[in-house]
K.L.:
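My questions all concern the structure below.
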Amino acid sequence: MGAEQYRPPLFSVAPMMEWTDKHYRTVARIISKHAWLYTEMLAAETIVYQQGNLDRFLAFPSEQHPIVLQIGGNNLDNIAKATQLANAYGFDEINLNCGCPSAKVAGHGCFGARLMLDPKFVSEAMSVIAANTDVPVSVKCRIGVDDHDSYNELCDFIYKVSSLSPTKHFIIHSRKAMLNGISPADNRRIPPLKYEYYYALLRDFPDLRFTINGGIDCVDEVNAALREGAHGVMVGRAAYNNLWNTLAHVDSAVYGEPSSGLTRRQVLEQYQVYGDAVLGTYGNNRPNMRELIRPLSGFFYAEPGNSLWKRKADAAFLNKNITTVKSFFEETLVVIPDAVLDSPVAELPSGRKDLFANVRGLLPPPYETRTEEVVVYAQS
C-alpha cells in the first residue's frame with residue numbers, strides 16, 4: 001500500500017489513546033471512505049516486546065486504508081525494530097508522536113511533547129524510521145513546550161527536523177504543551193490556540209506540508225481552514241464524541257464525492273457483522289462487548305433516545321444472555337426512534353465563523369533560518 005493510492009489527507013482523525021482503536025476505525029471507515037485514520041499511539045517498546053502478539057496491536061481490516069501508524073519512543077534501536085515489525089501490516093504512513101503532553105508519555109522516558117526540546121534526536125528518529133520503511137513519514141507536534149513557545153523556536157524545530165531527516169509532513173497541534181503537571185484534558189483547553197503560527201509555517205516553509213490540528217469541531221470549520229490555505233485538517237474529539245454528524249459529511253463536503261446516502265441503521269448493520277466476527281478472538285474474552293460498543297458512544301449525539309440508549313447499553317453489558325453484537329443491538333436500539341435510525345445525515349452543521357478571522361493579520365514576522373545551529377547539530 002502507499003499514500004499515493006488514496007485521496008490526499010485533507011481530513012484526518014487524530015490519534016487518541018484508548019479511543020482510535022481498530023474498532024473505532026472500523027465504524028469510522030464505514031461512514032467515511034476518504035478520511036485518513038490514525039492508530040492510537042503505540043510505544044515502540046510495546047511493538048518490540050509483543051512480537052508474539054503483534055496482531056492484537058497492529059492488525060487491521062484492509063478496508064481501513066488509508067491508515068497511519070503513530071509510534072512513540074526515545075530509543076533509536078527500538079524505534080527501528082518497531083518500524084521493521086510494522087512494515088508487514090501495510091500502514092500507509094508512519095508518524096512519530098512529539099505532541100502528547102500526558103505524564104505517562106512526556107514524563108516517562110522523555111518522549112511525546114518533550115521531544116520538541118531535542119530536535120536533533122527527533123531528526124535521528126525520523127531518519128531511522130524512514131530507513132526502515134518504504135512509506136512516507138511524518139511528525140505530530142505542538143507549537144511549543146512550556147516556556148519554549150515562541151514562533152522562532154517552533155521554526156527552529158521544524159527547520160532542523162526537516163533539514164536533517166526525510167520528514168516533509170508535520171501535523172501541528174496549534175497549542176503549546178504544558179508539562180508542569182496539568183492533565184491532558186487541561187492541555188487541550190488552557191493553552192491558547194495560535195492558528196497564526198500554523199499559517200506562518202505555510203509562508204515560511206513552502207516546500208513542506210502541514211496539517212492543522214486543535215479546536216476544530218466540525219466539517220464546516222475544516223473547510224474554513226482549507227479555504228484559508230491549510231494543506232490538511234486533523235479533527236480529534238469531535239470525530240469521536242459526535243461521530244455520525246462529523247464523519248458522515250467528510251466525503252461529500254470535503255472531498256466533493258456524492259453522498260453515500262447511508263443511514264445510521266445501515267452503518268450499525270455493517271458494524272455488527274464486523275463485531276460478531278472479532279468478539280473474543282484475542283482470547284480471554286478480548287475484545288469484549290464493552291470494547292466493541294465503546295466507539296458508538298457518540299453515534300446518537302444530541303438525538304432523541306441517546307441518554308436512554310446509553311442506560312440500556314450499560315444494562316446490556318451485564319446481561320449474560322446477550323452474547324453477540326446482534327443481540328446487543330436488538331436489546332438496546334428499541335429506544336432509538338426509527339426516524340433517527342433510518343434518515344440520511346442531516347444538512348452540514350455550521351461552524352464558528354470567526355475561527356480563522358484575521359489570522360493573516362496576526363502572523364508573526366518571517367522566520368530567519370539559523371543555519372549555523374543546524375551545521376553544529378549535523379556535526380555533533
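Residue numbers count from 1 along this sequence. The structure presented is a predicted model; accordingly, all values stated were derived computationally and were not measured.
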K.L.:
Between S252 and E257, is a side chain to side chain contact (heavy atoms under 4.5 Å, CB included) present by the stated rule, with each step listed?
P.N.:
CA-CA 4 Å; S252 57; E257 296 287 340; 5.6 Å; no
K.L.:
Distance alone, cut at 3.5 Å: any donor-acceptor contact between the side chains of N53 and Y282?
P.N.:
no
K.L.:
Run through Y240, W19, Y274 and flag the one making a ring-ring contact (aromatic ring centres under 6.0 Å, His included) with Y24.
P.N.:
Y240
K.L.:
Kindly indicate whether the side chain of E93, heavy atoms from C-beta on, has any atom under 4.5 Å from the side chain of S138.
P.N.:
yes
K.L.:
Under 4.0 Å between a side-chain nitrogen and a carboxylate oxygen: does that hold for R265 and E269?
P.N.:
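Here R265 does not pair with E269 in a salt bridge, since their nearest N and O are not under 4.0 Å apart.
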K.L.:
With a 4.0 Å cut-off, would you call K33 and D251 a salt bridge?
P.N.:
no
K.L.:
Taking the basic N atoms (NZ, or NE/NH1/NH2) and the acidic carboxylate oxygens, is any pair closer than 4.0 Å for K353 and D220?
P.N.:
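Result for this pair is yes, salt bridge flagged.
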K.L.:
Side chains of Q64 and T26: does their closest heavy-atom pair fall under 4.5 Å?
P.N.:
yes
K.L.:
How are the rings of Y255 and H34 set to each other: parallel, tilted or perpendicular (split at 30° and 60°)?
P.N.:
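Correct class here is tilted.
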K.L.:
Taking the side chain as every heavy atom from C-beta outward, state whether T39 and P15 have any atom pair closer than 4.5 Å.
P.N.:
no
K.L.:
Considering residues at least two apart in sequence or located in another chain, which fulfil the side-chain contact (heavy atoms from CB on, under 4.5 Å) criterion with L268?
P.N.:
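Partners of L268 under the side-chain contact (heavy atoms from CB on, under 4.5 Å) test: L296, F299, F300, F329, L333, L341.
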K.L.:
Can you see whether K81 engages N132 through a side-chain donor-acceptor pair at a distance of less than 3.5 angstrom?
P.N.:
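No, no side-chain donor-acceptor pair sits under 3.5 Å.
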K.L.:
Scan side-chain atoms only and decide if N288 and N285 contain a donor-acceptor pair under the 3.5 Å cut-off.
P.N.:
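No, no side-chain donor-acceptor contact under 3.5 Å.
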K.L.:
Before accepting this row, confirm whether a basic side-chain N of the pair E196/R360 lies closer than 4.0 Å to the acidic partner's carboxylate O.
P.N.:
no
K.L.:
Tell me, please, which residues at least two apart from L193 pass side-chain contact (heavy atoms from CB on, under 4.5 Å).
P.N.:
S174, R175, Y195
K.L.:
Of Y367, Y199, Y197, Y198, which meets ring-ring contact (aromatic ring centres under 6.0 Å, His included) against Y151?
P.N.:
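For Y151, the ring-ring contact (aromatic ring centres under 6.0 Å, His included) check succeeds only for Y197.
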K.L.:
Any ion pair linking D217 and R352 (charged N to carboxylate O, less than 4.0 Å)?
P.N.:
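A salt bridge is present here (some side-chain N lies under 4.0 Å from a carboxylate O).
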K.L.:
In terms of side-chain geometry, is the basic nitrogen of R294 or E18 positioned less than 4.0 Å from the acidic oxygen of its partner?
P.N.:
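Salt bridge absent between R294 and E18.
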K.L.:
Considering only heavy atoms from C-beta outward, does the side chain of Y271 approach that of V27 to under 4.5 Å?
P.N.:
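In short, these two side chains touch, coming nearer than 4.5 Å.
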K.L.:
Under 3.5 Å, is there a donor-acceptor pair linking the side chains of T211 and H231?
P.N.:
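Absent: no donor and acceptor within the cut-off.
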K.L.:
What residues, two or more places apart in sequence or in another chain, satisfy side-chain hydrogen bond (donor to acceptor under 3.5 Å, both in side chains) together with D314?
P.N.:
none
